[in-house]
Number of protein chains: 2
Amino acid sequence: MTSQAHDLLFRTLADPTRRAIFERLCRDGDQTVAALTAKAGVSQPAVSKHLGILKRAGLVRDRHEGRQTHYSAQRAALAPLVDWTRQMSGFWQARFDDLEDLLKRMDQ
Amino acid sequence: MTSQAHDLLFRTLADPTRRAIFERLCRDGDQTVAALTAKAGVSQPAVSKHLGILKRAGLVRDRHEGRQTHYSAQRAALAPLVDWTRQMSGFWQARFDDLEDLLKRMDQ
DNA sequence: ATAATCCATAACTGGCGGGCTATGGATGAG
DNA sequence: CTCATCCATAGCCCGCCAGTTATGGATTAT
């Protein structure tokens, strides 16, 4: 896993609004842009931009359905984060390896 | 764990230079500011600022020794990150609980 | 056909943050 | 005592990025 990937992930998750959108998608599943905008506290274009950035980081997928776009969380994209934490900790690799395998097979 | 803590952690780790400093402290242990500056690719004041931010996030500790300041990584501060990832994933809590306990008892 | 809804993009703006140089206080060396 | 070294802070600058409004293409409703 390159350090670029870590950078992209960390920078993407550093913004509170964006992280909140991702959290919501993780908690409540599939959401339209309108639904996300209703709770985001920012304008619809801002939400669209955040979704674009999340998508570039692989954290979400979009699915077009008529004039709506549904977004869903891609939890597997969190794997590099777990990997990095494991490297920084330098211990208990075994436990983390289990988790990584799970995450990597979670492309739904 | 408050969402403020997550925000502080993510924002602190989002910068590549800062993350590299933390990684180095994790890998190679205790370092003086001069030693860190030598490899950081930025000026000494920049390194000092990064260390200050890392310290505010609880990720490093400083120890004064004469005119030198030694910094060391506080891996336990990564616990909220693990916690957040666990929440987003919503699975395998047991495995992560083990890790969290370990991290929280690692205040050296 | 017309109007309304959904979403993405463009264009602009402002603030935040990471970089720098300059400086000074504290400590160690000669 | 004087000078050099280590580090932190101050002050400044500039680029990036998250926010906004405006707009338009696509789809659905009337």
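Heavy atoms only: backbone and side chains are in, while hydrogens, waters and symmetry mates are out. We name chains A, B, ... by the order of the sequence lines, and we start the count at 1 in each one.
- A donor-acceptor contact shorter than 3.5 Å links the side chain of B/Arg19 to the backbone of B/Leu13.
- Rounding to the nearest 0.5 Å places NE2 of B/His70 at 4.0 Å from CD of B/Glu65.
- Atom pair B/Asp7:CG and C/dG17:P shows a separation of 10 Å (rounding to whole Å applied).
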Nucleotides 25-30 of chain D: protein proximity per nucleotide (B base, S sugar-phosphate only, - neither; heavy atom, under 4.0 Å): --BB--
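- Of the residues in residues 53-60 of chain A, those lying under 4.0 Å from DNA chain D by heavy-atom distance are A/Ile53.
- The two atoms that bring A/Leu59 and A/Phe22 nearest to each other are O-CE1, 3.3 Å, heavy atoms only.
- When rounded to the nearest whole Å, the span between CG of A/Leu51 and P of C/dA8 equals 7 Å.
- Residues A/Val60 and A/Gln74 fail the side-chain proximity criterion, which asks for heavy atoms closer than 4.5 Å.
- Between the A/Arg75 side chain and the A/Cys26 main chain, a donor and an acceptor come within less than 3.5 Å of each other.
- Judged as a salt bridge (Lys or Arg N to Asp or Glu O under 4.0 Å), and not counting sequence neighbours, the contacts of B/Asp28 are B/Arg24.
- Side-chain atoms of B/His50 and B/Leu36, non-hydrogen and from C-beta on, never get closer than 4.5 Å to each other.
- Taking a 4.0 Å limit (strictly below) on heavy-atom distances, residues 29-46 of chain B reaches DNA chain D at B/Thr32, B/Val33, B/Ala34, B/Gln44, B/Pro45.
- Identified under the side-chain hydrogen bond (donor to acceptor under 3.5 Å, both in side chains) test for residues 33-44 of chain B, with sequence neighbours left out: B/Gln44-B/Ser48.
- One interatomic measurement links the two molecules: CZ of B/Arg63 to P of C/dT27, which rounds to 16 Å at whole-angstrom precision.
- Both B/Tyr71 and B/Val42 are part of a single hydrophobic cluster, where members link through side-chain heavy atoms under 4.5 Å apart.
- Taking atom NE2 of B/His64 as the reference point, atom P of C/dG25 lies 17 Å away to the nearest angstrom.
- In this entry the distance linking NZ of B/Lys49 with P of D/dA10 reads 11 Å, nearest Å.
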Intermediate values then yes/no, side-chain contact (heavy atoms from CB on, under 4.5 Å), B/Leu51 and B/Asp62: CA-CA 9 Å; B/Leu51 287 168; B/Asp62 58 345; over 6 Å; no
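- In terms of phosphate contacts, B/Tyr71 brings a side-chain nitrogen or oxygen within less than 4.0 Å of OP1 or OP2 of D/dA8.
- Using a 4.5 Å heavy-atom threshold, the side chains of B/Asp83 and B/Arg86 count as touching.
- The distance from atom CZ of B/Phe10 to atom C1' of C/dG17 is 19 Å, rounded to the nearest whole Å.
- Listed pair B/His50 / C/dG19 meets the phosphate criterion, a side-chain N or O lying under 4.0 Å from OP1 or OP2.
- Between B/Thr12 and B/Ala57 the shortest heavy-atom distance is OG1-CB, 3.5 Å.
- For DNA chain D, no neighbouring residue in residues 11-25 of chain B is found when judged by any heavy atom under 4.0 Å.
- B/Leu81 has its side chain within reach of B/Phe10: a pair of non-hydrogen atoms, C-beta onward, lies under 4.5 Å apart.
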